[in-house]
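Below is one structure, written out as structure tokens, with a few remarks after it.
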Amino acid sequence: MQLEDLIFETGEIALLTLNRPKALNALNRQVVENLARVLRDIRHDHAVRALIVTGAGDRAFVAGADIAAMSEMSAIDGLEFSRLGHRVMQTIEDLPIPVIAAVNGFALGGGLELAMACDLIISSEKARFGQPEINLALIPGFGGTQRLPHRIGHARARELIMIGDMISAKTALEWGLVNKVVAAEQLLPEARNLAAKLVGKSGIALRQAKAALRASFTMEEDAGLRFEQAAFGFAFSSADRIEGTKAFVEKRDPKWQHK
Ligand code: CAA
């Protein structure tokens with residue numbers, strides 16, 4: 001599927017590329033609406049078992065929301081843009097499959113927010129991360145004030161959001177913002193390698209793990225712990241659980257049915 005500004009290559013491991021390299025893949029309303037459309041299709045396509053999100057070109061993953069477009073927006077337009085962005089980030093978090101951000105360059109503002117909506121973040125050595133909205137007299141608008149402290153703690157999140165400086169891939173790794181840093185040419189191979197490992201798991205169990213992990217962010221601890229019990233029970237009721245535990249006892253590799 002080829003939408004303007006987005007390239008979607010389907011498959012068991014699908015690849016979604018933000019494709020506005022001249023604007024460092026900045027997110028305007030049209031791109032975000034197209035993202036919503038593609039994500040809806042992915043959600044209903046059972047052949048897709050993992051998704052990699054990356055940016056076109058060698059400079060940027062996504063350098064944020066489109067500042068030129070925002071400079072023309074009314075206050076109401078801005079509010080609607082934020083709501084749209086939030087819906088897309090939540091849709092990524094709610095996808096029943098694992099999503100990997102392969103960050104090939106700048107991941108700033110809405111770009112870092114997009115990466116943080118993904119389950120795992122693999123970074124090129126050249127990548128740089130930040131929430132520089134404060135320098136535009138703005139604040140993160142696609143979930144950054146909530147997801148960033150959850151990922152790296154309040155002290156560092158306050159530093160990034162209130163001072164607005166960028167950090168290197170090395171620092172992002174030290175701060176626990178990204179899972180792994182690799183050479184630029186290894187970024188997609190490494191993301192595919194990780195996706196292949198995920199595809200080798202029971203899709204049912206992965207879906208429950210993802211939902212329960214999300215509950216740690218969206219629910220109070222007591223409700224989250226109860227959510228985990230229900231998710232564990234759901235995984236326990238699957239054919240894959242019977243196969244997985246049996247295969248261990250019988251000292252053989254499991255064969256997943258993803259049900
Ligand atoms: N929106 C629109 N265009 C952007 C952009 C953005 N976020 N980021 C970069 N571009 C454009 C530039 O305007 C430039 O276009 P032209 O060639 O037509 O002039 C092109 O991409 C290349 O950028 P630069 O010439 O600026 O490249 P550089 O190497 O000198 O700097 C950079 C790179 C540091 C990333 C710089 O472009 C920059 O600071 N970009 C803005 C980053 C930012 O503030 N992001 C947050 C946006 S607000 C937001 O995201 C809100 C939210 O949470 C929803």
Side-chain angles (χ1 to χ4, degrees), residues 4-7 16-36 38-39 53-93 101-118 121 123-152 154 156-172 177-178 184 187 217:
E4 204 182 332
D5 305 330
L6 274 187
I7 303 168
L16 179 58
T17 306
L18 282 294
N19 186 34
R20 294 184 73 208
K22 284 190 184 137
L24 302 186
N25 304 320
L27 301 171
N28 58 23
R29 173 168 276 281
Q30 183 180 302
V31 178
V32 185
E33 278 170 355
N34 283 338
L35 264 175
V38 171
L39 291 167
V53 181
T54 195
D58 61 359
R59 296 208 57 218
F61 174 68
V62 170
D66 189 312
I67 300 169
M70 285 193 299
S71 76
E72 310 272 310
M73 286 183 190
S74 68
I76 289 293
D77 290 343
L79 174 63
E80 287 301 325
F81 189 46
S82 176
R83 286 186 174 144
L84 173 67
H86 270 265
R87 274 202 301 279
V88 165
M89 302 310 153
Q90 277 175 21
T91 304
I92 295 173
E93 284 187 332
V103 177
N104 50 311
F106 292 110
L108 302 173
L112 178 51
E113 292 168 302
L114 174 62
M116 286 193 292
C118 300
I121 305 177
S123 168
S124 142
E125 285 167 347
K126 296 196 307 193
R128 306 195 67 196
F129 298 82
Q131 297 284 172
E133 291 91 339
I134 198 75
N135 300 320
L136 305 164
L138 268 174
I139 70 167
F142 291 173
T145 60
Q146 307 303 300
R147 293 192 180 94
L148 193 60
H150 186 74
R151 290 216 176 214
I152 64 172
H154 276 274
R156 284 165 171 165
R158 271 162 214 265
E159 185 179 330
L160 283 187
I161 291 174
M162 297 177 81
I163 296 178
D165 286 346
M166 290 185 237
I167 57 170
S168 66
K170 185 170 170 279
T171 302
L177 182 58
V178 305
L187 183 66
F217 162 56

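Just so you know, ligand 1 is whichever comes first in the structure, and atom 1 is the first atom listed for that ligand. Only this structure's heavy atoms are used, side chains among them; waters, hydrogens and symmetry mates stay out.
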(message) Just so I know, are the side chains of D5 and V31 near enough to count as touching, which here means a heavy-atom distance under 4.5 Å?
(response) yes
(request) Kindly state if atom 48 (S) of ligand 1 has a protein heavy atom within a strict 4.0 Å cut-off, that is, under 4.0 Å? (result) yes
(message) Side chains of V53 and F61, heavy atoms from C-beta outward: is any pair under 4.5 Å?
(response) yes
(message) For atom 18 (O) of ligand 1, what is the closest protein heavy atom, and at what distance to 0.1 Å?
(response) K22 O, 5.0 Å
(request) Give the residue, atom name and distance (to 0.1 Å) of the protein heavy atom nearest atom 9 (C) of ligand 1. (result) L24 CD1, 3.7 Å
(message) I'd like to know if G85 contacts ligand 1, where contact means a heavy-atom distance under 4.0 Å to any ligand atom.
(response) no
(request) Could you tell me whether some N/O pair between Q131 and ligand 1 is separated by less than 3.5 angstrom? (result) no
(request) With heavy atoms of P140 as the reference, note each atom of ligand 1 found under 4.0 Å away. (result) 53 (O)
(message) Let me confirm one number: the CG-OG1 distance from L187 to T54, rounded to the nearest 0.5 Å.
(response) 5.5 Å
(request) For E113, counting its heavy atoms only, list the atoms of ligand 1 lying under 4.0 Å from any of them. (result) 52 (C), 53 (O), 54 (C)
(request) Taking atom 44 (O) of ligand 1 as the reference point, report whether a protein heavy atom occurs under 4.0 Å from it. (result) yes
(message) Any heavy-atom pair between the side chains of M70 and I67 that's under 4.5 Å?
(response) yes
(request) Do me a favour and list the nearest non-hydrogen protein atom to atom 10 (N) of ligand 1 with residue, atom name and distance? (result) A23 O, 3.7 Å
(message) Any protein heavy-atom neighbour for atom 7 (N) of ligand 1 (distance below 4.0 angstrom)?
(response) yes
(request) Taking atom 2 (C) of ligand 1 as the reference point, report whether a protein heavy atom occurs under 4.0 Å from it. (result) yes
(request) Give yes or no for whether the N/O distance cutoff of 3.5 Å, strictly under, is met between A65 and ligand 1. (result) yes
(message) Under a 4.0 angstrom heavy-atom cut-off, which atoms of ligand 1 come close to L108?
(response) 35 (C), 42 (C)
(message) Can you confirm, on distance only, whether ligand 1 has an N/O atom lying under 3.5 Å from any N/O atom belonging to A63?
(response) yes
(request) Look up atom 37 (O) of ligand 1 and tell me if a protein heavy atom lies less than 4.0 Å from it? (result) yes
(message) Check for me whether R59 has a heavy atom closer than 4.0 Å to any atom of ligand 1.
(response) yes
(message) How long is the straight-line distance from CD1 of I152 back to CG of L160, given to the nearest 0.5 Å?
(response) 4.5 Å
(message) Going by a strict under-4.0 Å cutoff (protein heavy atoms only), does atom 20 (C) of ligand 1 have a neighbour on the protein?
(response) yes
(request) Return a yes/no value: protein heavy atom under 4.0 Å from atom 16 (P) of ligand 1? (result) no
(request) Calculate, to the nearest 0.5 Å, the distance between atoms CZ and CZ belonging to R151 and R147 respectively. (result) 9.0 Å
(message) Under the criterion side-chain contact (heavy atoms from CB on, under 4.5 Å), I'd like the reasoning laid out for M116 against Q146: C-alpha separation, chi angles, the key distance, then a yes or no.
(response) CA-CA 10 Å; M116 286 193 292; Q146 307 303 300; over 6 Å; no
(message) Once rounded to the nearest 0.5 Å, what's the spacing between atom NE2 of H86 and atom CD of E113?
(response) 7.0 Å
(message) Tell me if the centroids of the rings in F129 and F106 come within less than 6.0 Å of each other.
(response) no
(request) Can you sort out which atoms of ligand 1 are near P132, meaning under 4.0 Å from one of its heavy atoms? (result) 43 (C), 44 (O), 45 (N), 46 (C)
(message) Measuring from non-hydrogen atoms of G144 to any atom of ligand 1, is the shortest distance under 4.0 Å?
(response) no
(message) With a 4.5 Å cut-off on side-chain heavy atoms, are L112 and L177 touching?
(response) yes
(message) Under 4.0 Å, heavy-atom basis, I'd like to know which part of A26 is in contact with ligand 1: side chain, backbone, both or neither.
(response) side chain
(request) Just say parallel, tilted or perpendicular for the rings of H150 and F217, cut-offs at 30° and 60°. (result) tilted
(message) With the threshold set strictly below 4.0 angstrom, can you tell me whether any protein non-hydrogen atom sits that near atom 40 (N) of ligand 1?
(response) no
(request) Output the list of atoms in ligand 1 that are nearer than 4.0 Å to some heavy atom of G141, sorted by atom number. (result) 52 (C), 53 (O), 54 (C)
(request) Calculate, to the nearest 0.5 Å, the distance between atoms CZ and OG belonging to R128 and S123 respectively. (result) 11.5 Å
(request) Give the numbers and elements of all ligand 1 atoms closer than 4.0 Å to a heavy atom of M166. (result) 34 (C)
(message) Just to check, does L136 reach to within less than 4.0 Å of ligand 1 when the distance is taken from its heavy atoms?
(response) yes
(request) Measure the shortest side-chain to side-chain distance between I7 and L16 over non-hydrogen atoms and say whether it is less than 4.5 angstrom. (result) no
(request) Salt-bridge test for R83 and E80: reply yes if a basic N is under 4.0 Å from a carboxylate O, no otherwise. (result) yes
(message) Nearest 0.5 angstrom please: I134 CD1 to M162 CE, how far?
(response) 7.0 Å
(request) Examine ligand 1 and decide if any of its atoms is less than 4.0 Å from a heavy atom belonging to M70. (result) yes
